[in-house]
**Student:** 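This is the structure I want to talk about, given as structure tokens.
Along the sequence shown, residues carry numbers from 1. Excluded from the calculations below are hydrogen atoms, water molecules and symmetry mates; all remaining heavy atoms, backbone and side chain alike, are included.
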Amino acid sequence: MGEINYVRGDATVPSVKGVKVIAHVCNDIGGWGKGFVLAVSRRWPEPEKEYRAWHRGRAANGFGLGAVQFVRVERYVWVANMIGQRGTRTGSKGVPVRYEAIDTALGLLADRAAELGASVHMPRIGCGLAGGKWSRVEPLVTERLVRRGIAVTVYDHED
């Protein structure tokens, strides 16, 4: 069994060969405009466009906590829009991150990555605007992806 590879850099520019899935956490209210999604949108318009359409059609398409949408952005690059946070603000119910939803989404991500023979690249998902703790997310990534033999790289952005 491997382990998570930590690097400094931009998760939207993975420097490895082969098929890659760039994974990140989205909210369940259709909001796209702060955090890591800005880096995604600077490189490709499709993930935002597809996410917004997915949210608009949510009554009939499975959009919701724990769901994942895979958007192909280049021949060997996919973006995984994972619904892992409820809303966008910290309130009476705590921070927006939903660890159970991230866990479910990571299971779906693992299935697709295995199918594609892909490596997975991500920032510290759920730990920025969603307010989560990496000490809670890292074991989920290890359990769902690394234990299945999927190469995972986590990027800490260079300031």
**Student:** When clusters are formed by joining ILVMFWY residues with side-chain heavy atoms under 4.5 Å apart, either directly or through shared neighbours, do Val77 and Val40 land in the same one?
**Tutor:** yes
**Student:** Identify the heavy atoms of Ala23 and Pro123 that sit nearest to each other, and give their distance.
**Tutor:** O-CD, 3.5 Å
**Student:** Restricting to side-chain contact (heavy atoms from CB on, under 4.5 Å), what partner residues turn up for Ala151, sequence neighbours left out?
**Tutor:** Ser119
**Student:** Between Ala101 and Gly84, what is the shortest heavy-atom contact and its length?
**Tutor:** CB-CA, 4.0 Å
**Student:** Kindly give the heavy-atom pair with the smallest separation between Ala130 and Val95, and that separation in Å.
**Tutor:** O-CB, 3.5 Å
**Student:** Going only through I, L, V, M, F, W and Y residues with side-chain contacts under 4.5 Å, is there a path from Val120 to Val71?
**Tutor:** no
**Student:** Which residues pass the side-chain hydrogen bond (donor to acceptor under 3.5 Å, both in side chains) test with Asn61, sequence neighbours left out?
**Tutor:** none
**Student:** Cluster question for you: counting only ILVMFWY and a side-chain heavy-atom cut-off of under 4.5 Å, with indirect links fine, are Val37 and Val13 together?
**Tutor:** no
**Student:** To the nearest 0.5 angstrom, please state how far the CE atom of Met82 sits from the SG atom of Cys26.
**Tutor:** 8.5 Å
**Student:** Please report the closest heavy-atom contact between Thr90 and Pro96, naming both atoms and the distance.
**Tutor:** OG1-CD, 3.7 Å
**Student:** Which pairs with one or both residues in residues 90-109 pass ring-ring contact (aromatic ring centres under 6.0 Å, His included), sequence neighbours excluded?
**Tutor:** none
**Student:** Give the other cluster members for Ile29, using side-chain heavy-atom distances under 4.5 Å between Ile, Leu, Val, Met, Phe, Trp and Tyr residues; answer none if it is isolated.
**Tutor:** none
**Student:** With sequence neighbours excluded, give me every side chain to side chain donor-acceptor pair (under 3.5 Å) pair touching residues 64-76.
**Tutor:** Trp44-Glu74, Gln69-Asn81
**Student:** If you look only at pairs with a residue in residues 126-135, which of them pass as a salt bridge (charged side-chain N to carboxylate O under 4.0 Å, His left out), with sequence neighbours excluded?
**Tutor:** none
**Student:** Kindly write out the residues that satisfy ring-ring contact (aromatic ring centres under 6.0 Å, His included) with His24, not counting sequence neighbours, or none if the list is empty.
**Tutor:** Trp32, Phe36
**Student:** Who are the side-chain hydrogen bond (donor to acceptor under 3.5 Å, both in side chains) partners of Thr12, not counting sequence neighbours?
**Tutor:** Asp10
**Student:** Please, which pairs that meet salt bridge (charged side-chain N to carboxylate O under 4.0 Å, His left out) have at least one residue in residues 85-96, sequence neighbours excluded?
**Tutor:** Asp28-Arg86
**Student:** What is the distance from atom CE of Met122 to atom OH of Tyr155, rounded to the nearest 0.5 Å?
**Tutor:** 10.5 Å
**Student:** Which residue pairs satisfy the salt bridge (charged side-chain N to carboxylate O under 4.0 Å, His left out) criterion with at least one member in residues 99-114, sequence neighbours excluded?
**Tutor:** Asp103-Arg144, Asp111-Arg148, Arg112-Glu115
**Student:** Specify the closest pair of heavy atoms between Val21 and Ala118, including all atoms of both residues, with the distance to one decimal.
**Tutor:** CG2-CB, 3.9 Å
**Student:** Test of understanding: with salt bridge (charged side-chain N to carboxylate O under 4.0 Å, His left out), list the residues that count as partners of Glu143, not counting sequence neighbours.
**Tutor:** Arg147
**Student:** Following the transitive rule for hydrophobic clusters with a side-chain heavy-atom cut-off under 4.5 Å over Ile, Leu, Val, Met, Phe, Trp and Tyr, establish whether Trp134 and Leu106 coincide in one cluster.
**Tutor:** yes
**Student:** Measuring only between side-chain heavy atoms, which start at C-beta, is Phe70 closer than 4.5 Å to Glu50?
**Tutor:** no
**Student:** How close do Pro14 and Ile22 get, counting heavy atoms only, and between which atoms?
**Tutor:** CD-CD1, 4.1 Å
**Student:** Decide side chain to side chain contact (heavy atoms under 4.5 Å, CB included) for Ile4 and Thr142; before the verdict, give the C-alpha distance in whole Å, the side-chain angles of both, and the deciding distance to 0.1 Å.
**Tutor:** CA-CA 7 Å; Ile4 298 170; Thr142 298; 3.7 Å; yes
**Student:** With rounding to the nearest 0.5 Å, note down the distance linking CG in Leu109 to CD1 in Ile102.
**Tutor:** 12.0 Å
**Student:** Is the distance from the ring center of Phe63 to that of Trp54 below 6.0 Å?
**Tutor:** yes
**Student:** Honestly curious: do Val73 and Trp78 fall in one hydrophobic cluster under the side-chain, below-4.5 Å linking rule?
**Tutor:** no
**Student:** Starting from the C-alpha separation in whole Å, work towards a yes-or-no answer on side chain to side chain contact (heavy atoms under 4.5 Å, CB included) for Val79 and Arg43.
**Tutor:** CA-CA 11 Å; Val79 170; Arg43 287 190 55 84; over 6 Å; no
**Student:** Roughly how far, to the nearest 0.5 Å, is the OG1 atom of Thr104 from the CZ atom of Arg98?
**Tutor:** 13.0 Å
**Student:** side-chain hydrogen bond (donor to acceptor under 3.5 Å, both in side chains) with Arg52: which residues, sequence neighbours excluded?
**Tutor:** Glu48
